**Q** 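Could you have a look at this structure, given as structure tokens, before my questions?
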Amino acid sequence: GWALSEERTEPVLANAPIPLPDVAAAGIVSQTVHWVQDERLARYTLGLPQQFNQEVDTIWRGQTDLVRVNGTGAIYTAQTRVSQATPAQLRATAVSDIPPVILARYTALPSGVPQRVRDLAQEVAGSRSNPYDQARALEQFLREYDYSLGIEGPPAGADPVDYFLFEQQIGYCDYFASAMVVLARAVGLPARLA
């Protein structure tokens, strides 16, 4: 299973910038969200939120790792940064460019992850020369599995990712997302379930 890391909350005033590091190759998008069915605290946006037209609470892990933004009301407007990086630009990135605290947090795996899961990650993506191609290889590999909501859970004591990858080979979003994170971390790519 997954557990939340320690988080801190900071309020941000309406129309004030959210203090995030600069991101290269990004465009600004303005969007207005209307919740129709219910009122959620989470302020969902396309891209990385820069500011909201209402007071919000930003939730962080560490100093610069924005996890989510909470607010109130059924309608809100946000300014966000959306990546416009090309595959060539993404291929030019390196894991060594990632801050060590982020890298350590999001590459950690429990010691109980079966070796065959780690081996599979290396087989699928380990030979790729850059993080982008490694992530794409893992994504394409997982697309070979079937999606279904009508499945049984893993047997008691079984590692869910191992069971999904090697036994069941069918699952729903939680299985796919967990498998992507574990496989990515197994090749040294920082990843989190979000």
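The chain is numbered in sequence order, starting from 1. Computed from heavy atoms alone, side chains included, the values below leave out hydrogens, waters and symmetry copies. The shown structure was predicted, so the numbers you read here are calculated from the model rather than taken from an experiment.
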**Q** Report yes or no: do T58 and E10 form a side-chain donor-acceptor pair below 3.5 Å?
**A**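 Checked: T58/E10 side chains show no N/O donor-acceptor pair below 3.5 Å.
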**Q** What class does the angle between the rings of F176 and Y145 fall in, given that below 30° is parallel, 30 to 60° is tilted and above 60° is perpendicular?
**A**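 If you compare the ring of F176 with that of Y145, the planes turn out perpendicular.
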**Q** When hydrophobic residues are tied together by side-chain contacts of less than 4.5 Å, even through go-betweens, does L109 share a cluster with F164?
**A**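 L109 and F164: one cluster.
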**Q** Could you tell me whether the side chains of T77 and T32 share a donor-acceptor contact shorter than 3.5 Å?
**A**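 Their side chains do contain a donor-acceptor pair, which is all the 3.5 Å distance test asks for.
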**Q** Using every non-hydrogen atom in the two residues, find where V187 and A125 come nearest and quote the distance to one decimal.
**A**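 Looking at all heavy atoms of both residues, the shortest contact is CG1-CB, 4.5 Å.
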**Q** Do R118 and V182 have side chains that approach each other closer than 4.5 Å (heavy atoms only, starting at C-beta)?
**A**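 No, too far: nothing below the 4.5 Å cut-off.
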**Q** Following the transitive rule for hydrophobic clusters with a side-chain heavy-atom cut-off under 4.5 Å over Ile, Leu, Val, Met, Phe, Trp and Tyr, establish whether V12 and Y44 coincide in one cluster.
**A**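 Yes: a chain of side-chain contacts under 4.5 Å links V12 to Y44.
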**Q** Can a donor-acceptor pair be found, under 3.5 Å and without considering hydrogens, that links the side chain of Q122 to the backbone of D119?
**A**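 Checking the backbone N and O of D119 against the side chain of Q122, no donor-acceptor pair under 3.5 Å is found.
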**Q** Are any non-hydrogen side-chain atoms of Q79 and V29 less than 4.5 angstrom apart?
**A**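 Sidechains of V29 and Q79: no contact.
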**Q** Answer yes if L183 and V113 sit in the same cluster of Ile, Leu, Val, Met, Phe, Trp and Tyr residues linked by side chain heavy atoms under 4.5 Å apart, and no otherwise.
**A**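 Yes, one cluster joins them.
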**Q** Is there a donor-acceptor contact under 3.5 Å from the side chain of R8 to the main chain of W60?
**A**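 Not confirmed, R8 side chain does not pair with W60 backbone.
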**Q** Going by heavy atoms in the side chains, are Q168 and I151 under 4.5 Å from each other?
**A**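 Touching, per the 4.5 Å side-chain cut-off.
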**Q** Is the backbone N or O of L41 less than 3.5 Å from a side-chain atom of R43, with the two atoms forming a donor-acceptor pair by type?
**A**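 Yes, because the side chain of R43 sits within donor-acceptor range (under 3.5 Å) of the backbone of L41.
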**Q** What are the two closest non-hydrogen atoms of A177 and L193, and how far apart are they?
**A**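 Reported closest heavy-atom pair: CB-CD1, 3.1 Å.
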**Q** Walk me through whether T80 and Q51 qualify under side-chain contact (heavy atoms from CB on, under 4.5 Å).
**A** CA-CA 7 Å; T80 62; Q51 71 181 46; over 6 Å; no
**Q** For T45 versus A78, what's the shortest heavy-atom pair and its separation?
**A**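 Looks like CG2-CB, 3.8 Å.
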**Q** State, to 0.1 Å, how close V95 and G188 come at their nearest heavy-atom pair, and which atoms those are.
**A**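 In this case the closest contact between V95 and G188 is CG1-O, 3.8 Å.
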**Q** Roughly how far, to the nearest 0.5 Å, is CG of N15 from CD of Q50?
**A**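 Separation between the atoms: 13.5 Å.
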**Q** I'd like to know if the side chain of T86 and the backbone of Q89 have a donor-acceptor N/O pair within less than 3.5 Å.
**A**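 Here the side-chain-to-backbone pair exists.
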**Q** Sub-3.5 Å donor-acceptor pair from the side chain of S178 to the main-chain atoms of Y175, do we have one?
**A**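 Checking the backbone N and O of Y175 against the side chain of S178, no donor-acceptor pair under 3.5 Å is found.
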**Q** Return the CZ to CG distance between F166 and L120, rounded to the nearest 0.5 Å.
**A**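 Here the rounded value is 4.5 Å.
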**Q** Provide the closest heavy-atom pair for A179 versus L142 in the form atom of the first, atom of the second, distance.
**A**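 For A179 and L142, the tightest heavy-atom pair comes out as CB-CD2, 4.0 Å.
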**Q** With rounding to the nearest 0.5 angstrom, report the CG to OH distance, D65 to Y106.
**A**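 The OH atom of Y106 is 3.5 Å from CG of D65, to the nearest 0.5 Å.
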**Q** Mind checking whether F52 and V82 sit in one hydrophobic cluster, side chains of I, L, V, M, F, W, Y counted as touching below 4.5 Å?
**A**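 No, F52 does not connect to V82 through the hydrophobic network.
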**Q** Tell me whether R128 contacts the main-chain N or O of A137 through its side chain, where contact means a donor paired with an acceptor under 3.5 Å.
**A**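 Not at all, since once roles are kept as given, no pair shorter than 3.5 Å links the two residues.
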**Q** Compare all side-chain heavy atoms of R61 with those of R192 and state whether any distance is below 4.5 angstrom.
**A**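 Heavy-atom side-chain distance check passes, below 4.5 Å.
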**Q** Looking at OH of Y147 and CD1 of I170, how far apart are the two atoms once the value is rounded to the nearest 0.5 Å?
**A**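 With rounding to 0.5 Å, OH (Y147) is 10.5 Å from CD1 (I170).
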**Q** Can you measure from CZ (F141) to CG (L165) and round to the nearest 0.5 angstrom?
**A**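 The distance works out to 6.0 Å.
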**Q** Just verifying a value: how many Å separate Y76 OH and H34 NE2, rounded to the nearest 0.5 Å?
**A**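 It is 10.5 Å, given to the nearest 0.5 Å.
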**Q** The test is side-chain contact (heavy atoms from CB on, under 4.5 Å); show your working for L46 and Q31 and say whether it passes.
**A** CA-CA 8 Å; L46 174 67; Q31 57 212 269; 3.6 Å; yes
**Q** Are I75 and V69 in one and the same hydrophobic cluster, where Ile, Leu, Val, Met, Phe, Trp and Tyr link if side-chain heavy atoms are under 4.5 Å apart?
**A**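 No, because I75 and V69 fall into different hydrophobic clusters, even though each may have its own neighbours under 4.5 Å.
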**Q** Specify the closest pair of heavy atoms between P155 and Y163, including all atoms of both residues, with the distance to one decimal.
**A**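 For P155 and Y163, the tightest heavy-atom pair comes out as CD-CE1, 3.4 Å.
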**Q** Does the side-chain contact (heavy atoms from CB on, under 4.5 Å) test come out yes or no for E7 and R68, once each step is laid out?
**A** CA-CA 10 Å; E7 299 175 341; R68 68 185 171 281; 3.0 Å; yes
**Q** Does N70 form a side-chain contact (heavy atoms from CB on, under 4.5 Å) with V56? I'd like the steps, not just the answer.
**A** CA-CA 6 Å; N70 289 342; V56 294; over 6 Å; no
